[in-house]
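First the structure, in the form of structure tokens, and then the observations on it.
A quick note: this is a predicted structure, and the numbers were derived from the prediction, not measured. Side-chain atoms are counted along with the backbone in the values below, which use heavy atoms only and exclude waters and symmetry mates.
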Amino acid sequence: MVRIILAIVIIVLAGYSLITQTFELMPYYMFSLGAFMLVTGFVEIQKDRKGFWGYMNIVISLFVFFASIQDFLMN
């Protein structure tokens, strides 16, 4: 359920940015994307698929969180 809500938020923010050609909401979009990746990583690990992709999603989400916070602080 959380993944669906985050996916909808990401699609709405990305669609708004594409239609209006304003990128003021990019840090929020990236933060939502990081949260989505983090939740996806945890779901993969909880399904006992302790393979590469669950941990990779978590690592990528931490990088996206870092980038979104840097972008938010720069503006």
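With sequence neighbours excluded, the residues forming a ring-ring contact (aromatic ring centres under 6.0 Å, His included) with F65 are F31, listed by chain and number.
Here the CD-CZ distance, from E44 to F52, works out to 12.5 Å after rounding to the nearest 0.5 Å. Rounded to the nearest 0.5 angstrom, F36 CZ and I5 CD1 are separated by 12.0 Å. To the nearest 0.5 Å, atom CG of residue L25 and atom CG of residue L13 are 6.0 Å apart. Going from atom CG of L6 over to atom OG1 of T40 covers 8.5 Å, rounded to the nearest 0.5 Å. Note: S68 OG to Y28 OH = 10.5 Å, rounded to the nearest 0.5 Å.
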Subject >> Candidate pair N57 and V39, rule side-chain contact (heavy atoms from CB on, under 4.5 Å), full reasoning >> reply: CA-CA 9 Å; N57 278 338; V39 170; over 6 Å; no

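Between Y55 and I45 the shortest heavy-atom distance is CE2-CD1, 3.5 Å. Residues I10 and L33 come closest through the heavy atom pair CD1-CA, 3.6 Å. Looking at every heavy atom in both residues, I60 comes nearest to M37 through CG2-CE, 3.6 Å. Listed here is the closest heavy atom pair of S61 and G34: CB-O, 3.2 Å.
Applying the side-chain hydrogen bond (donor to acceptor under 3.5 Å, both in side chains) test to every pair with at least one member in residues 2-21, sequence neighbours left out, gives these pairs: T20-T22.
There is no path of hydrophobic side-chain contacts, each under 4.5 Å, that joins V12 to Y29. In this structure, F66 is not a member of the same hydrophobic cluster as V59, with clusters built from ILVMFWY side-chain heavy atoms closer than 4.5 Å. In the hydrophobic cluster analysis, where Ile, Leu, Val, Met, Phe, Trp and Tyr join through side-chain heavy atoms closer than 4.5 angstrom, F23 is grouped together with V64.
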